[in-house]
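Here the structure is laid out as structure tokens; the discussion comes afterwards.
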4 protein chains.
Amino acid sequence: MAAPEIDHESPTPVYRQIAAVIIADIESGTLPVNRRIPSEASLVQRFGVARETVRNAVRFLREEGHVCTVPQRGTYVRDRSKGED
Amino acid sequence: MAAPEIDHESPTPVYRQIAAVIIADIESGTLPVNRRIPSEASLVQRFGVARETVRNAVRFLREEGHVCTVPQRGTYVRDRSKGED
Amino acid sequence: MAAPEIDHESPTPVYRQIAAVIIADIESGTLPVNRRIPSEASLVQRFGVARETVRNAVRFLREEGHVCTVPQRGTYVRDRSKGED
Amino acid sequence: MAAPEIDHESPTPVYRQIAAVIIADIESGTLPVNRRIPSEASLVQRFGVARETVRNAVRFLREEGHVCTVPQRGTYVRDRSKGED
DNA sequence: GTGGTCTAGACCACC
DNA sequence: GTGGTCTAGACCACT
């Protein structure tokens, strides 16, 4: 099976569910500020979804200001303590 | 021809007959709580009716509290065990 | 062949080239403010690319503030005369 | 073994030998102006050298003005007909 | 081994 | 017939 935390029957899109899991990891401190989040490839593995779905999740996190992506380097947890949107 | 369960000669509107079939599926457990009901397209196929008729049936189910519709995601069987209207 | 205006050998990504064509249409007045731009499907046809590539182009236009997308309705040329980024 | 055109015993550095082969391809028209040169990976394959060596060769070509590199897109044969250095 | 781009398909809700 | 989501692959530059 895929990941237990993902419900493909849910009205919430899978990419949003993945984003929510990552946000929870950020807010719990499992993913501290300036730490790199897992790579797209490993998120594909972990959640058992297509890469595009993972990219949608990461794009959503980026648009919401939770992370920033540095091409070729990774995606990092943003420091939101100052100047949030 | 259409589906055997639909009687186009009946005084009961077709959309109500379709709604009744779906309600029966819900109450029998064929459609469990929080499960998405079949897509509009498949209901059109199954009952041999126009899209608008299916939409009327679903709107009726929604107004009666049997289902709830989540924008962009589908229509889901509501949990009526807790007694909000 | 695809569209003459797209060069798949160019260092500029195809989705950016498509965005540039649409921006040119906006700036020349071919696509006036509040007009809907062509649908994703027709852009796929016109440029001979995958839908994902068209979506990347439209997302880029959206991020740059040239258009706004209304789900299920289309993507519209934004009025940038006031309050641009 | 490596490629026949590379002589690891030569006093000429390998990266220079690789650069020379690519320059020959450019001047013979095998690699036309504005065409992307082969990817790093394929040059590694073709010449049987380390990645870093290929990168050195490409950097040399760039510094000598034979090619220009566009971030994220590749390295392209420059048009030298117009005489900027 | 990272993200960027691209292909070629699919099903869906909603209009 | 519109955009939203998803799959399952591919090649690439750059670190």
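Residue numbers begin at 1 in each chain, while the letters A, B, ... track the order of the sequences.
- For C:R59 and F:dG3, the CZ to P distance is 14 Å, given to the nearest whole Å.
- For the OP1/OP2 pair of F:dT2 and a distance below 4.0 Å, the side-chain nitrogens and oxygens of C:S39 include at least one atom meeting the criterion.
- Counting distance only, with no hydrogens placed and no angle test, the side-chain atoms of A:R16 and the base atoms of F:dG4 include no donor-acceptor pair under 3.5 Å.
- Remark: C1' of F:dG4 and CD of B:E40 are 15 Å apart, rounded to the nearest angstrom.
- Regarding B:R35, its CZ atom lies at a distance of 14 Å from the P atom of E:dC12, rounded to whole Å.
- Atom CG in C:L43 sits roughly 8 Å away from atom P in F:dG3 (whole-Å rounding).
- Base pairing in DNA chain E gives the following stems of 3 or more Watson-Crick or G-U pairs, range against range and under 3.5 Å: E:1-14 with F:1-14.
- When the nearest nucleotides of DNA chain E are assigned to C:R51 and A:R55 by heavy-atom distance, the more 5′-ward of the two goes with A:R55.
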(request) Step by step, work out the side chain to side chain contact (heavy atoms under 4.5 Å, CB included) result for D:L61 and D:I23. (result) CA-CA 8 Å; D:L61 290 169; D:I23 290 172; 3.5 Å; yes
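- Ion pairing between D:R55 and D:E40 holds under the 4.0 Å rule for side-chain N and carboxylate O.
- In this structure, A:I6 atom CD1 and F:dT7 atom C1' are separated by 15 Å, rounded to whole Å.
- Ranking F:dG4, E:dT7, F:dA8 by closeness to the C:H8 side chain, first place goes to E:dT7.
- As a whole-Å value, the separation of D:R36 CZ from F:dC14 P is 10 Å.
- Going from atom CD of A:Q45 over to atom P of F:dT7 covers 14 Å, rounded to whole Å.
- Clustering ILVMFWY residues whenever any of their side-chain heavy atoms sit less than 4.5 angstrom apart, transitively, puts C:V70 in a cluster other than the one holding C:I22.
- Among the heavy atoms of the strands, none lies under 4.0 Å from D:T75.
- Backbone-only engagement by C:V14 is indicated by non-hydrogen atom pairs under 4.0 Å involving sugar-phosphate atoms exclusively.
- Listed by first and then second residue, the side chain to side chain donor-acceptor pair (under 3.5 Å) pairs involving residues 13-26 of chain A amount to none (not counting sequence neighbours).
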(request) Would you please test A:I18 and A:V58 for side chain to side chain contact (heavy atoms under 4.5 Å, CB included) and show each step? (result) CA-CA 9 Å; A:I18 293 174; A:V58 174; over 6 Å; no
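- Atom CD1 in D:I37 sits roughly 8 Å away from atom P in F:dA13 (whole-Å rounding).
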